[in-house]
There are 2 protein chains.
Amino acid sequence: MMKDSGAGGRDRPALSREKVLQKALELADKDGIAALSIRSLAQSMGTKPMTLYYYVANKDQILDSLVDLVFTEIDTPEPGGDWKEQMRRRAHSAREVLRRHPWAVGLLESRKAPGPATLKHHEATLGALRAAGFTVQQTARAYSLLDSYIYGFALQEAALPTAGNKPMAEVAGPIMEQFATGEYPYMVEIATQVVMQPGYDYGNEFAYGLELILDALEPAPAG
Amino acid sequence: MMKDSGAGGRDRPALSREKVLQKALELADKDGIAALSIRSLAQSMGTKPMTLYYYVANKDQILDSLVDLVFTEIDTPEPGGDWKEQMRRRAHSAREVLRRHPWAVGLLESRKAPGPATLKHHEATLGALRAAGFTVQQTARAYSLLDSYIYGFALQEAALPTAGNKPMAEVAGPIMEQFATGEYPYMVEIATQVVMQPGYDYGNEFAYGLELILDALEPAPAG
DNA sequence: GGTGATTACGTACGCTGTACGAGAAGGGTA
DNA sequence: TACCCTTCTCGTACAGCGTACGTAATCACC
């Protein structure tokens with residue numbers, strides 16, 4: 001029996017590890033990480049589940065690779081230039097990337113094997129801080145602080161019910177009606193005076209905290 | 001046919017929603033959230049899978065409840081007292097709780113229905129900031145900043161390979177050997193001069209960032 | 001005795017990841 | 001031509017998952 005472009009070393013590979021991962025990323029973005037199954041991935045690529053295992057060891061490796069793929073999208077500091085501007089660019093880039101791939105935030109907790117892009121990113125960032133005059137200890141602390149803020153903000157942003165791009169006011173309104181009991185006056189206050197204001201975008205708050213942190217960080221003298 | 005303490009309203013209920021959730025929490029802590037299945041949960045309680053559905057709507061509700069259960073463990077600010085001290089206590093408490101339940105951090109991303117303990121906690125914290133003289137806008141920003149840092153730090157801590165309580169040096173050593181290539185000099189630097197130092201505990205870095213943020217936060221004048 | 005509420009669970013369905021092994025197609029060598 | 005070896009695809013099967021549905025046992029009360 002023959003196949004149209006069946007098995008064996010046919011014309012062009014058509015499939016590849018990269019294409020599998022690319023499609024996995026696409027699927028995770030479209031339907032959420034929970035909907036990413038080996039079967040759904042295979043179907044979306046026009047092949048069968050077991051075929052994927054030729055290119056990938058198991059699903060865990062796919063998830064590891066997805067996290068690394070996400071890291072490739074984040075701006076990496078380049079040598080030279082003001083360290084604050086470098087960190088600012090990196091932070092904003094990371095936040096944007098994690099907003100595009102919200103599922104990646106939750107994945108960070110369970111992944112223990114950093115990929116090459118992740119390592120390169122860390123290395124470049126550490127290098128930028130060291131070059132700016134931070135001691136090794138200061139670098140460790142500054143990096144931990146910055147990344148905690150970035151990941152934490154991304155985590156909160158991912159947990160927001162703003163699935164679509166609709167303004168916050170539309171989704172927050174119905175929720176707030178539950179609070180008519182008056183049991184949560186401060187939350188209602190925040191909701192009505194901040195969150196539901198026209199044009200409000202939680203993402204804009206990111207810059208506030210980031211600048212506050214950058215202002216407080218300084219290399220050299222103090223340990 | 002008769003059962004020893006079978007079905008129906010026998011002596012005492014033996015099972016209850018609270019006991020189910022309590023056991024679920026226990027199981028998640030012991031074997032990780034991935035190992036928490038309806039079947040394993042039922043078995044650990046000496047009952048059958050479908051029995052749990054009398055006390056719980058579905059697994060998603062269990063996860064929602066677990067997150068809320070975790071929030072009950074976090075110190076809630078009480079009226080009166082210095083706001084910085086209140087925020088400091090809350091932050092350290094939250095970090096400790098999230099270290100005890102690392103799986104909860106990853107769950108935060110996917111849970112969209114905050115439970116009563118979560119709401120009470122938020123309400124109390126917002127109240128403490130408002131009482132300290134923060135405007136509504138300042139409160140929103142300060143809260144976002146603090147929680148981002150707390151969750152982000154917890155996320156990074158959860159991602160660390162220090163599964164047991166063994167010192168960092170023991171686990172970091174073997175990993176660092178991969179870096180003998182010299183491709184990642186700055187990471188090696190951090191590892192050897194900071195992480196692998198005897199007595200080093202990443203958790204202690206939490207206070208550094210927290211104090212830096214608290215020092216930079218101030219109510220009233222500036223918007 | 002009958003009835004209804006409460007609690008427990010047996011069976012079954014569709015989904016998951018993936019171990020195992022069969023096979024098809026091409027290149028290389030004899 | 002005949003053979004094999006590598007590369008790639010996929011069928012089958014299994015254990016585990018969440019849970020819909022239906023059944024049955026026990027008690028309280030009429």
Side-chain angles (χ1 to χ4, degrees), chain A residues 1-24 27-28 30-67 103 106-107 110-111 113, chain B residues 1-24 27-28 30-67 103 106-107 110-111 113:
Chain A
M1 206 224 276
M2 202 189 99
K3 319 203 155 187
D4 41 353
S5 98
R10 102 272 56 198
D11 328 64
R12 284 151 294 110
L15 241 49
S16 74
R17 183 184 164 87
E18 281 67 35
K19 284 182 185 169
V20 170
L21 296 176
Q22 195 56 49
K23 197 75 184 180
L27 236 73
K30 188 158 63 75
D31 305 324
I33 197 73
L36 176 66
S37 71
I38 296 287
R39 283 170 163 87
S40 66
L41 181 54
Q43 184 154 34
S44 82
M45 303 193 74
T47 184
K48 300 298 160 69
M50 290 316 291
T51 302
L52 300 183
Y53 284 91
Y54 182 75
Y55 300 98
V56 150
N58 49 48
K59 187 176 177 181
D60 239 53
Q61 193 184 79
I62 295 183
L63 297 182
D64 280 343
S65 303
L66 283 188
V67 170
W103 45 265
L107 236 45
S110 54
R111 301 299 108 193
Chain B
M1 205 222 278
M2 204 190 100
K3 317 200 158 190
D4 41 356
S5 98
R10 102 274 54 207
D11 327 64
R12 284 150 295 109
L15 241 48
S16 73
R17 183 184 164 87
E18 281 66 36
K19 284 182 185 169
V20 170
L21 296 177
Q22 195 54 49
K23 198 75 185 180
L27 235 75
K30 189 158 63 74
D31 305 325
I33 197 74
L36 176 65
S37 71
I38 295 288
R39 283 170 161 87
S40 67
L41 181 54
Q43 184 154 33
S44 82
M45 302 193 74
T47 183
K48 301 299 160 67
M50 289 316 291
T51 302
L52 301 183
Y53 284 91
Y54 181 74
Y55 300 99
V56 150
N58 49 47
K59 188 175 176 182
D60 238 52
Q61 192 184 81
I62 294 183
L63 297 182
D64 280 343
S65 303
L66 282 188
V67 170
W103 44 266
L107 235 46
S110 54
R111 301 299 107 193

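Every chain is numbered from 1 and lettered A, B, ... according to where its sequence line falls, protein lines coming before strand lines.
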| task | Mind listing the closest non-hydrogen atom pair of A:Ala113 and A:Asp64 along with its distance? | result | CB-OD2, 4.1 Å
| Roughly how many Å is it from CG in B:Leu36 to P in D:dG16, rounded to a whole number? | 17 Å
| query | Roughly, in whole Å, what's the span from OH in B:Tyr55 to C1' in D:dG18? | reply | 20 Å
| Counting N and O atoms only, with roles assigned by atom type, does the side chain of A:Ser65 sit under 3.5 Å from a partner on the main chain of A:Gln61, one being a donor and the other an acceptor? | yes
| Expressed in angstrom and rounded to an integer, what is the separation of A:Tyr54 atom OH from C:dA19 atom C1'? | 18 Å
| message | Distance check needed: D:dG16 C1' versus B:Lys59 NZ, whole Å only. | response | 11 Å
| said: What is the separation between atom CD1 on A:Ile38 and atom C1' on C:dA19, rounded to the nearest whole Å? | reply: 14 Å
| In whole angstroms, how far is the C1' atom of D:dG16 from the CG atom of A:Asn58? | 17 Å
| query | Roughly how many Å is it from CZ in B:Arg17 to P in C:dT6, rounded to a whole number? | reply | 17 Å
| remark: Here the distance between atom P of D:dT19 and atom CG of B:Asp60, to the nearest Å, is 7 Å
| task | Examine distances only and state if a side-chain atom of B:Lys59 and a backbone atom of B:Leu36 form a donor-acceptor pair shorter than 3.5 Å. | result | yes
| request: For DNA chain C, find the residues of residues 43-53 of chain B with a heavy-atom distance under 4.0 Å and give them by number; none if there aren't any. | output: B:Thr47, B:Lys48, B:Met50, B:Thr51
| field | Distance-only donor-acceptor test, B:Arg39 side-chain atoms vs D:dG16 base atoms, 3.5 Å | value | no
| query | Okay, side chain of A:Ser40, backbone of A:Ala35: is any donor-acceptor separation there less than 3.5 Å? | reply | yes
